[in-house]
Amino acid sequence: MTATDSIGAGAPTRVEANRRSVERRLRVSVISPSAAAFSGAATSIIAPAHDGELGILYGHAPMVVLLGEGLLHIRTDDGPHRFRVARGFLQVLNNTVAVLAEEVEPAPES
């Protein structure tokens, strides 16, 4: 191996970095009794739990929480999505987030 062979060794290429960043997405569903409000890939979520806000990123531990009332923020590659949610549950399992709420409505952008 020469000195030039080791330059950049181990560093991901731009294509590999893009592929990895695309793979590191949460699969998100937001569902109410009347409709499916959102289904898609997200980079992060902030949800109103019954006892405060909860942030979720790729690799989050599995859990189920009781939702409170408030704004659900979903950040995607296309931009932010906001919903007003009330009463329900949020489950995180294997980078999949399911939000099941009694009330879901789009929230205006601020």
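Please read all numbers here as calculations on a predicted model, not as lab measurements.
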query: Going hydrophobic residue to hydrophobic residue with side-chain gaps under 4.5 angstrom, can you get from Ile46 over to Phe83?
result: no

field: Heavy atoms from other residues, nucleotides or ligands near CG of Asn94 exceed 12 (cutoff 6.0 Å)
entry: no

query: Can you tell if the side chain of Val85 reaches within under 4.5 Å of the side chain of Pro48, non-hydrogen atoms only?
result: yes

- prompt: Closest heavy-atom contact between Leu57 and Ser44?
  reply: CD2-CB, 3.5 Å

- prompt: Taking everything shown except Tyr58 itself, do over 12 heavy atoms lie less than 6.0 Å from its OH?
  reply: yes

field: Least distance between heavy atoms, Ala42 atom then Ile74 atom
entry: CB-CG2, 3.6 Å

- prompt: Are Ile31 and Ile45 in one and the same hydrophobic cluster, where Ile, Leu, Val, Met, Phe, Trp and Tyr link if side-chain heavy atoms are under 4.5 Å apart?
  reply: no

message: Ignoring hydrogens, what is the shortest heavy-atom contact between Pro33 and Glu102? Give both atom names and the distance.
response: CD-O, 3.5 Å

Pair Thr96-Arg27, side-chain donor/acceptor within less than 3.5 Å: yes

- request: State plainly whether one hydrophobic cluster holds both Val65 and Leu72, where clusters connect Ile, Leu, Val, Met, Phe, Trp and Tyr through side-chain heavy atoms under 4.5 angstrom apart.
  value: yes

task: Check each of Leu54, Leu90, Leu100 against Leu67 using the side-chain contact (heavy atoms from CB on, under 4.5 Å) test, and report the only one that passes.
output: Leu90

Arg82 (side chain) donor-acceptor with Pro108 (main chain) under 3.5 angstrom: yes

query: Got a second to check how far Ile56's CD1 is from Leu26's CG, nearest 0.5 Å?
result: 7.5 Å

- request: Check whether any side-chain N or O of Ser29 sits under 3.5 Å from a backbone N or O of Ala98 as a donor-acceptor pair, and report yes or no.
  value: no

Non-hydrogen side-chain atoms of His81 and Thr76 separated by less than 4.5 Å: yes

- prompt: Going by an N to O cut-off under 4.0 Å, is there a salt bridge joining Arg84 and Glu103?
  reply: no

query: Taking only residues two or more places apart in sequence or in another chain, which ones pass side chain to side chain donor-acceptor pair (under 3.5 Å) with Glu53?
result: none

- line: Taken to the nearest 0.5 Å, the spacing of Ser34 OG from Glu105 CD works out to 10.0 Å

field: Taking every non-hydrogen atom, the tightest pair across Ala86 and Glu69
entry: CB-CG, 3.6 Å

query: Which atom pair, heavy atoms only, marks the closest approach of Leu66 to Gly88?
result: CD1-O, 3.4 Å

- request: Taking the side chain as every heavy atom from C-beta outward, state whether Asp77 and Arg25 have any atom pair closer than 4.5 Å.
  value: yes

